[in-house]
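Notes to accompany the following structure.
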4 protein chains.
Amino acid sequence: MMNRVILVGRLTKDPELRYTPNGVPVASFTLAVNRAFTNQQGEREADFINCVVWRRPAENVANFLKKGSLAGVDGRIQTRSYEGQDGKRVYVTEVMAESVQFLEPRNSQGNDRGDNYSSRPGGQDSSFGNQNQRQPQRNTRLDEDPFAGGGQIDISDDDLPF
Amino acid sequence: MMNRVILVGRLTKDPELRYTPNGVPVASFTLAVNRAFTNQQGEREADFINCVVWRRPAENVANFLKKGSLAGVDGRIQTRSYEGQDGKRVYVTEVMAESVQFLEPRNSQGNDRGDNYSSRPGGQDSSFGNQNQRQPQRNTRLDEDPFAGGGQIDISDDDLPF
Amino acid sequence: MMNRVILVGRLTKDPELRYTPNGVPVASFTLAVNRAFTNQQGEREADFINCVVWRRPAENVANFLKKGSLAGVDGRIQTRSYEGQDGKRVYVTEVMAESVQFLEPRNSQGNDRGDNYSSRPGGQDSSFGNQNQRQPQRNTRLDEDPFAGGGQIDISDDDLPF
Amino acid sequence: MMNRVILVGRLTKDPELRYTPNGVPVASFTLAVNRAFTNQQGEREADFINCVVWRRPAENVANFLKKGSLAGVDGRIQTRSYEGQDGKRVYVTEVMAESVQFLEPRNSQGNDRGDNYSSRPGGQDSSFGNQNQRQPQRNTRLDEDPFAGGGQIDISDDDLPF
DNA sequence: TTTT
DNA sequence: TTTT
């Protein structure tokens, strides 16, 4: 079985960052990906693709991407379902991003969201590492540089609360 | 903007073949793709991914795949929305397959569905070619062999009603 | 059989544009793609991947990309071999780009190479269309916009000699 | 930067399994991937793509694939160069497989190579785990099932010398 | 509504 | 509910 998705598009709005009860960060965002072709009316439509990312890259996304940012995603399609408010099953198809690439120059005007987003609940960090034992591990890469722009500044140690 | 999906999985049921009013074939099917990892309970879950394919490969899919068939898809994620029966918008994310690969040996027991599915409305064929001028063209490849098994028999001319 | 490659990286130098005897444009360039991880010495290495692109996108590449440009490629791996000058066979693995995405803002300082590269031999154009009948057709899309930045200016008609 | 390759093809010969001085397994093999289109002479050519895989999946590949096996690869393009015997630099482009999917039914006639390939040098195992700290970790998945056929038998513990 |  |  194989399941691979690669996307490049722009965030339709600022990403949302949540934490699980155990303090694991999850970010979600939507990529607008313009189609390569135009429709019968000659307009270029877009697909709006919901993405989810876990752990450290989630924090990076929340920190460095915002509405309109150009970003690349390498991940997998995941499906799930939940009970809708009207009692019927709702089916969801989304992209689980294993890595997210920032395709705009570092520190382009206001790259850093600057929010005080880091409301990560304290005291739960001890349970952090164990949490996702059986989750794909590529999310955890400590040495991944999410910026395509290159540059030598390493964000990991200074900017991120790990 | 980039948008690429590759899947390998098994059909959850027989594909469905429809025709547009102009006689353009569309097949839809769902791929069950087992995840590479097991969940907290040690079970291997699957993602159920809806796929759509147009034109000739649609006919091939209807002809040669059935419930349980192992197949590969190379395509794009597409999103659309429609008015639900309760008046509210329903959002759909699916894979537009540009090519479909049959990953089981040709003529493995009962590869050919054998249905009389070819209820393609006659008389509309003239409008066929013009129809999708602005659609991606890779669907139209006349020389594509959807079987991975190789073999020298070419299905296109004999088995397909084109 | 499936064969799909997606790359995002930077051109190591200006692309080279050639024409076949029949006037079909071919561009070649090398993408430097930084690895997601660092090596034992803590350095981030890169892979240098040779790419080839045909027809209209070849002209676009020659026109709008240059050394250092950030670009995305969606294509296939191709292998070929030729007689080396010392008589022994040389094997080549390269990426046949089906589409190339320009990931830098249009008209960022000097996007347009401005070269008089269009030394396309005249008089051969008549043979152009027929030439590659059996080549993948995605190269031919007349409505593809190679810029991720969007914007409404369509380059195809004004800037390109088609 | 992004770098993703997905292939489905057949092994041109039995895979080769080596071990680093520290006992890390590496398998190499070549996939023949038939092209989706035919050439000017109407023949379907193939690309012959060299692949490398590390650690546990390397052992799996050596154990369960052989000449002619249908397999899928999800990985990255890597380039390297070395001093040729005639003193000049040789450039190599190959695919680093992060996961390999076996696309033929388990225990199809003689799936198991049955070779006594497991000449893994003893005494080095202690250094095994630490070895590739900075290598991508997806190779290490203990719960990945390389067979597309599904089935409940888990090969990892019984059949593999770990 | 899910495949082996 | 959508980006440039």
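Order of the sequence lines fixes the chain letters, A, B, ..., with proteins taken first and strands second; residue numbering starts at 1 for each chain.
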Nearest to the side chain of [X], which nucleotide is it out of [options]?
X	options	value
B/Ala32	E/dT2, E/dT3, F/dT2	E/dT3
B/Arg89	F/dT3, E/dT3, F/dT1	F/dT1
A/Asn34	F/dT3, E/dT3, F/dT2	F/dT3
B/Phe48	F/dT3, F/dT1, E/dT3	E/dT3
A/Met1	F/dT2, F/dT3, E/dT3	E/dT3
A/Thr12	E/dT3, F/dT1, F/dT3	F/dT3

Rounded to whole Å, how long is the line connecting atom [atom1] of [X] with atom [atom2] of [N]?
X	N	atom1	atom2	value
B/Arg80	F/dT2	CZ	P	17 Å
A/Tyr91	E/dT2	OH	C1'	9 Å
C/Phe147	F/dT3	CZ	P	22 Å
C/Phe102	F/dT4	CZ	P	21 Å
A/Met2	E/dT4	CE	P	21 Å
B/Lys67	E/dT1	NZ	C1'	11 Å
B/Ile49	E/dT1	CD1	P	18 Å
C/Leu103	F/dT4	CG	C1'	13 Å

Check ion pair [X]-[Y] (N to O, under 4.0 angstrom):
X	Y	result
D/Asp74	A/Arg4	yes
A/Arg80	A/Glu94	yes
C/Glu144	C/Arg56	no
B/Glu104	B/Arg10	yes

Base, sugar-phosphate, or nothing: which does B/Gly9 touch, judged by heavy atoms less than 4.0 Å apart?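 It contacts nothing in the nucleic acid.
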Rounded to the nearest 0.5 Å, what separates atom CD1 in B/Ile77 from atom CG in A/Asp47?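 Between atom CD1 of B/Ile77 and atom CG of A/Asp47 there are 8.5 Å.
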